[in-house]
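Here's the structure we're looking at; comments come further down.
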Protein chains: 2
Amino acid sequence: MTSPPLPDNAHEQDGCDNAPIRLEEFLPYRLNQLASEVSQSLAQAYGEAFGISVPEWRILATLGQFGMVTARDIGTHSRMHKTMVSRAVATLEGRDLIIRQANQADLREAFLSLTPEGKALYRKIVPLARGFAADLCQDLSPEDLVRLNILLDRLSERVRSFGQQSSQA
Amino acid sequence: MTSPPLPDNAHEQDGCDNAPIRLEEFLPYRLNQLASEVSQSLAQAYGEAFGISVPEWRILATLGQFGMVTARDIGTHSRMHKTMVSRAVATLEGRDLIIRQANQADLREAFLSLTPEGKALYRKIVPLARGFAADLCQDLSPEDLVRLNILLDRLSERVRSFGQQSSQA
DNA sequence: TATTGTTATACTCTATAACTATA
DNA sequence: TATAGTTATAGAGTATAACAATA
């Protein structure tokens with residue numbers, strides 16, 4: 001900044017609802033900032049080590065967690081759009097990290113699962129990701145972590161209740 | 001999912017570091033998900049009401065908070081890249097919401113501030129944004145909010161310490 | 001030489017629409 | 001008619017590089 005810390009404009013306003021918002025204290029901004037820094041930092045780590053993107057990591061993580069599911073299941077669980085799932089699955093299939101097996105009971109869909117190479121990669125990424133999360137939470141006590149997760153749960157539930165009447169697609 | 005809740009693959013692994021990660025409990029994923037849902041929801045609200053984007057809101061918020069600063073200051077404070085600041089400033093200037101005044105002491109930069117129209121818009125957005133944040137935090141007590149902010153601060157400090165040796169640009 | 005800011009360009013993630021093939 | 005998945009395309013937001021003007 002030109003002369004940090006900049007004085008803010010609170011004195012120009014009166015009342016509470018009309019006082020300026022301090023961006024750096026505004027929860028939506030803070031969450032966005034923290035999440036993108038965390039996400040980029042982690043993605044850089046596994047990207048450099050294993051050459052995979054965020055959507056690809058989510059596919060691997062979902063298959064590592066559930067074993068064999070459809071593309072639709074992956075999208076539901078990882079909250080990714082079906083087009084993104086389709087592309088990431090195609091990339092991972094091209095690298096022989098996952099295999100596709102037709103569902104004979106419904107030929108529109110296919111069951112996806114990790115190949116041995118995919119499993120080997122997954123087993124390498126997991127400790128990296130877990131280590132990253134542990135490093136990130138280094139200054140939080142176990143009780144802090146429990147509290148944080150409870151608070152994030154409440155916020156998630158709340159924000160999801162906002163969009164319930166509108167976007168159903 | 002095909003048959004929710006899907007059983008996970010924990011039984012296929014042994015040890016702790018090699019156990020699958022549950023994506024929905026993995027902090028980087030959770031933060032990313034919550035932040036993007038909150039951000040999209042808020043951006044939709046002020047986007048529909050006032051026709052502005054996230055970067056434009058950040059410009060307005062910074063100018064509303066500090067009064068008169070340079071594009072560089074805005075980028076520093078809102079953690080936006082200078083190219084994004086440049087574009088958002090140009091858009092807002094085109095809508096006569098902000099004005100640019102050359103710094104006679106350094107003609108490379110200019111001081112930016114809200115026009116009367118910009119201030120009027122800002123004073124309409126602030127209650128909307130504040131109301132959104134209050135709705136979001138409805139299920140959190142004042143103590144919860146204090147705790148949440150402390151925890152987010154610690155995580156932010158920690159993640160920023162990760163990238164200190166590498167990317168300086 | 002270094003810095004402010006603009007423009008061109010590209011990349012990632014997200015999203016809509018149009019399509020196929022199946023049901 | 002509806003659903004699983006693919007492809008084309010477009011939109012945010014972010015970033016790098018090249019540049020002009022200024023310091």
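Values in this document were obtained by computation on a predicted structure and should not be read as measured data.
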For Glu117(B), salt bridge (Lys or Arg N to Asp or Glu O under 4.0 Å) partners two or more places apart: none

Between Ile59(B) (CD1) and dT14(D) (P), how many Å, whole number? 11 Å

Show the numbers, then the answer: is there a salt bridge (Lys or Arg N to Asp or Glu O under 4.0 Å) between Asp144(B) and Arg154(A)? CA-CA 11 Å; Asp144(B) 283 339; Arg154(A) 284 199 207 142; 2.9 Å; yes

Name all residues meeting the side-chain hydrogen bond (donor to acceptor under 3.5 Å, both in side chains) criterion together with Arg100(A); count only those two or more places apart in sequence or in a different chain, and write none if there are none. Glu93(A)

Looking at side-chain heavy atoms only, is the closest gap between Glu24(A) and Gln65(B) below 4.5 Å? yes

Taking the nucleotide of DNA chain D with the nearest heavy atom to each, does Met80(B) or Ala105(B) sit closer to the 5' end? Met80(B)

Residue list, side-chain hydrogen bond (donor to acceptor under 3.5 Å, both in side chains) with Asn103(A), at least two apart or on another chain: Glu109(A)

For nucleotides 17-19 of chain D, which of its nitrogen or oxygen atoms have a protein nitrogen or oxygen under 3.5 Å away, and what is each distance?
none

For Ile52(B) and dG11(D), what is the distance between atoms CD1 and C1' respectively, to the nearest whole Å? 18 Å

Please tabulate, one pair per line, each protein N/O and nucleotide N/O from nucleotides 9-11 of chain C that are separated by under 3.5 Å, including the distance.
unit_1, atom_1, unit_2, atom_2, d
dT9(C), O4, Arg87(B), NH2, 3.4

Going by the rule salt bridge (Lys or Arg N to Asp or Glu O under 4.0 Å), which residues pair with Glu37(B) if we only count those two or more places apart in sequence or in a different chain? Arg160(A)

Listed nucleotide nearest any side-chain atom of Pro55(A), set dC13(C), dG13(D), dT4(C): dC13(C)

List, by chain and number, the other hydrophobic cluster members for Val146(B), where Ile, Leu, Val, Met, Phe, Trp and Tyr join if side-chain heavy atoms come within less than 4.5 Å, directly or indirectly. Ile150(B)

Examine the base of dT4(C) for any acceptor or donor lying under 3.5 Å from a partner atom in the side chain of Arg72(B), and report the outcome as yes or no. no

Which sits closer to the 5' end of DNA chain C, Asp106(B) or Arg79(A), going by the nucleotide each is nearest to? Asp106(B)

Are any of Gln40(A)'s side-chain N or O atoms less than 4.0 Å away from OP1 or OP2 of dA15(D)? yes

I need the CD-P distance between Glu109(A) and dA2(D), as an integer number of Å. 19 Å

Take Phe162(A) and Phe132(B) through the ring pair (Phe, Tyr, Trp, His ring centres under 6.0 Å) test and state the conclusion after the steps. CA-CA 10 Å; Phe162(A) 289 178; Phe132(B) 178 92; 5.5 Å; yes

Rounded to whole Å, how long is the line connecting atom CG of Leu107(A) with atom P of dT3(D)? 18 Å

Looking at residues at least two apart in the chain, or sitting in another chain, which of them share a salt bridge (Lys or Arg N to Asp or Glu O under 4.0 Å) with Glu25(B)? Arg22(B)

Between atom CD in Gln33(B) and atom P in dT14(C), what is the gap in whole Å? 8 Å

What contact category does Val89(B) fall into here, base, sugar-phosphate, or nothing, at under 4.0 angstrom with non-hydrogen atoms? nothing

Interatomic distance where CZ belongs to Arg108(A) and C1' belongs to dA2(D) [whole Å]: 7 Å

Between Asn32(B) (CG) and dT12(C) (P), how many Å, whole number? 16 Å

Heavy atom of residues 91-104 of chain A under 4.0 Å from DNA chain D: which residues? Arg100(A)

5' priority, DNA chain D, between Ser36(A) and Ser86(A) [closest heavy atom]: Ser86(A)

Separation of dG11(D) atom P from Met84(B) atom CE, nearest Å, is 14 Å

Sugar-phosphate only, base, or nothing, as touched by Ala90(A) at under 4.0 Å among non-hydrogen atoms: nothing

Apply side-chain hydrogen bond (donor to acceptor under 3.5 Å, both in side chains) to Arg108(A) and list each qualifying residue two or more places apart in sequence or on a separate chain. Asp106(A)

Among all residues two or more places apart in sequence or in another chain, which pass the salt bridge (Lys or Arg N to Asp or Glu O under 4.0 Å) test with Asp135(A)? none

What pairs with Thr83(B) under side-chain hydrogen bond (donor to acceptor under 3.5 Å, both in side chains), at least two apart in sequence or on another chain? His81(B)

Measuring from the side chain of Val54(A) (C-beta onward, heavy atoms only), which nucleotide among dA21(C), dG13(D), dC13(C) has the closest atom? dC13(C)

